[in-house]
Amino acid sequence: MTIHKEGYTTIALSVLFIFILNAFIDYRYADITWLKWLIYILSFALFIIVLQFFRNPSRTFTNGENLVICPADGKVVVIEETEEGEYFKDKRLQVSIFMSPVNVHINRNPISGVVKFFKYHPGKYLAAWNPKSSTENERTTVVVEHKNGTPVLFRQIAGALARRIVWYVKEGDQVEQTKEFGFIKFGSRVDIFLPVGTKVNLELNQIVKGGITVLAELS
């Protein structure tokens, strides 16, 4: 397992904070043993939490020309037909994956193809399970067109804890299935919009792995 590049700055700041906090406690409360040990334990726990959040585990990815692969780790919270109003402006099949703070937060391309549309939206930080988060939270929208002509839209949505969405794609890019397209720091969600009638291989509340779990099959 390695550490993702998006975590370098956060980890460095966390180490600096922990060092300053512990130095202050050792200097100011040197005679209070229980307090020093409490701070040591909490500092260690904080470091482990930050470290695990930015982990980049080694994986064997799933690939398939007509497969749609899960773009993120997490739990399936939505499978329903809905109106997609930003790009398609018609009815689509929506699949949403909620990413808790303990999940790996790397986002991966669900299909290979050409990026036909990209847009970043600044916004609020409502809880990721709130239905309004899809239209009011900070988010990005990416549309990739499969070589058979099928467009697939996927959207990074910031959550209540997330304060930064990172993306690595732009319109016109040729992207490869399971390669990284972005990263969301802390709790968040990824929505995917597929043509109505697409065969979905997931169930509600199913735990999925980004780049591994097959989400759907394109006709």
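None of these values were measured; they are calculated from a predicted model. Counting begins at 1 with the first residue of the sequence.
With hydrogens and angles disregarded, no donor-acceptor distance shorter than 3.5 Å links the side chain of T198 to the backbone of L218. In this structure a side-chain-to-backbone donor-acceptor pair under 3.5 Å is missing from K199 to S219. At least one donor-acceptor pair closer than 3.5 Å links the side chain of S14 to the backbone N or O of T10. E81 contributes no side-chain N or O that, together with a main-chain N or O of V196, makes up a donor-acceptor pair within less than 3.5 Å.
Here the side chains of H146 and V144 are not in contact, with every heavy-atom distance at 4.5 Å or above. Side-chain contact between Y40 and D26 is present, with heavy atoms from C-beta onward closer than 4.5 Å. Side chains of I157 and V190 form no contact here, defined as non-hydrogen atoms less than 4.5 Å apart. When side chains are defined from C-beta on, V142 counts as touching V115, because their heavy atoms get closer than 4.5 Å. Looking only at side-chain heavy atoms (C-beta outward), V50 and L46 come within less than 4.5 Å of each other. Within the 4.5 Å cutoff, the side chain of T62 has no heavy atoms near those of the T178 side chain. By the 4.5 Å heavy-atom criterion applied to side chains, I97 and V77 are not counted as neighbours. Side-chain contact between N22 and I39 is present, with heavy atoms from C-beta onward closer than 4.5 Å.
For the atom pair CZ of F44 and CD1 of I49, the computed distance is 10.5 Å after rounding to the nearest 0.5 Å. From Y27, atom OH reaches atom CZ of F24 across 9.5 Å, with rounding to the nearest 0.5 Å. Interatomic distance, N63 CG to T60 OG1, rounded to the nearest 0.5 Å: 10.5 Å. The distance from the NZ atom of K36 to the CZ atom of R28 is 14.0 Å, given to the nearest 0.5 Å. We find the CD1-CG distance between I79 and L93 to be 8.0 Å, quoted to the nearest 0.5 Å. Of the inter-residue distances, the one linking L215 atom CG with L67 atom CG reads 10.5 Å to the nearest 0.5 angstrom.
A single hydrophobic cluster is seen to contain both Y120 and I192, as judged by linkage of ILVMFWY side chains at heavy-atom distances under 4.5 Å, directly or through other members. Hydrophobic clustering of Ile, Leu, Val, Met, Phe, Trp and Tyr side chains at less than 4.5 Å, counting indirect connections, keeps F193 apart from F98. Tracing side-chain contacts under 4.5 Å through hydrophobic residues (I, L, V, M, F, W, Y), one never reaches I207 starting from F61; they form parts of separate clusters. Note: the hydrophobic cluster containing I111 also contains L194 (ILVMFWY, side chain heavy atoms under 4.5 Å, direct or indirect links). A continuous path of Ile, Leu, Val, Met, Phe, Trp and Tyr side chains, each step under 4.5 Å between heavy atoms, connects L38 with I18, placing both in one hydrophobic cluster.
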**Message:** Would E83 and K89 count as a side-chain contact (heavy atoms from CB on, under 4.5 Å) here? Give the steps.
**Reply:** CA-CA 7 Å; E83 193 78 15; K89 303 186 188 303; 5.6 Å; no
**Asked** Can you check side-chain contact (heavy atoms from CB on, under 4.5 Å) on W34 and I32, steps first, answer last?
**Response** CA-CA 6 Å; W34 70 266; I32 307 179; 3.1 Å; yes
**Request:** Start with the C-alpha gap between K91 and E84, add the side-chain angles, then the distance that decides, and say whether salt bridge (Lys or Arg N to Asp or Glu O under 4.0 Å) holds.
**Result:** CA-CA 6 Å; K91 192 172 285 295; E84 198 292 306; over 6 Å; no
**Request:** Show the numbers, then the answer: is there a side-chain contact (heavy atoms from CB on, under 4.5 Å) between H4 and E180?
**Result:** CA-CA 11 Å; H4 194 272; E180 295 181 26; 2.8 Å; yes
**Request:** Would you sort out whether H105 and N103 count as a side-chain contact (heavy atoms from CB on, under 4.5 Å), showing the intermediate values?
**Result:** CA-CA 6 Å; H105 272 57; N103 290 127; 4.1 Å; yes
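F181 and V169 get closest at one heavy-atom pair: CB-CG1, 3.9 Å. Nearest heavy-atom pair, P151 versus F88, reported as atom, atom and distance to 0.1 Å: CG-CE2, 3.6 Å. Taking both residues in full, the closest heavy atoms of S96 and D191 are given as OG-OD1, 2.5 Å, listed atom of the first, atom of the second, then distance. Closest non-hydrogen pair, V208 versus A72, comes out as CG2-O, 3.6 Å. Of all non-hydrogen atoms in V214 and L202, the two that sit nearest each other are O-CD2, 3.5 Å. Across all non-hydrogen atoms, the minimal contact from T150 to P195 is CG2-CG, 3.6 Å.
Screening R108, R59, R189 against D73 for a salt bridge (charged side-chain N to carboxylate O under 4.0 Å, His left out) leaves a single residue, R59. Of the options T141, N137, T140, a side-chain hydrogen bond (donor to acceptor under 3.5 Å, both in side chains) to R155 is made by T141 and by none of the others.
Side-chain contact check for Y168 and N109: no donor-acceptor pair (N or O, by modelled atom type) lies under 3.5 Å. One side chain, E86 or H121, offers a donor N or O that lies under 3.5 Å from an acceptor on the other. Remark: the N107 side chain and the Q156 side chain contain an N/O donor-acceptor pair separated by less than 3.5 Å.
Under the side-chain hydrogen bond (donor to acceptor under 3.5 Å, both in side chains) criterion, Q52 pairs with R55, sequence neighbours left out. Under the rule for a salt bridge (charged side-chain N to carboxylate O under 4.0 Å, His left out), the partners of R92 that lie at least two apart in sequence or sit in another chain are D90.
Within a 6.0 Å sphere centred on CZ of F19, other residues, nucleotides and ligands contribute 12 heavy atoms or fewer. More than 12 non-hydrogen atoms from other residues, nucleotides or ligands lie less than 6.0 angstrom from CZ of F118. The number of heavy-atom neighbours closer than 6.0 Å to CD of E80, taken from other residues, nucleotides and ligands shown, is above 12. Counted within 6.0 Å of NZ on K75, heavy atoms from surrounding residues, nucleotides or ligands total 12 or fewer; the atom is thus considered open.
Between F183 and F54, the ring planes are parallel. Angles under 30° get that label, and only those over 60° would be called perpendicular.
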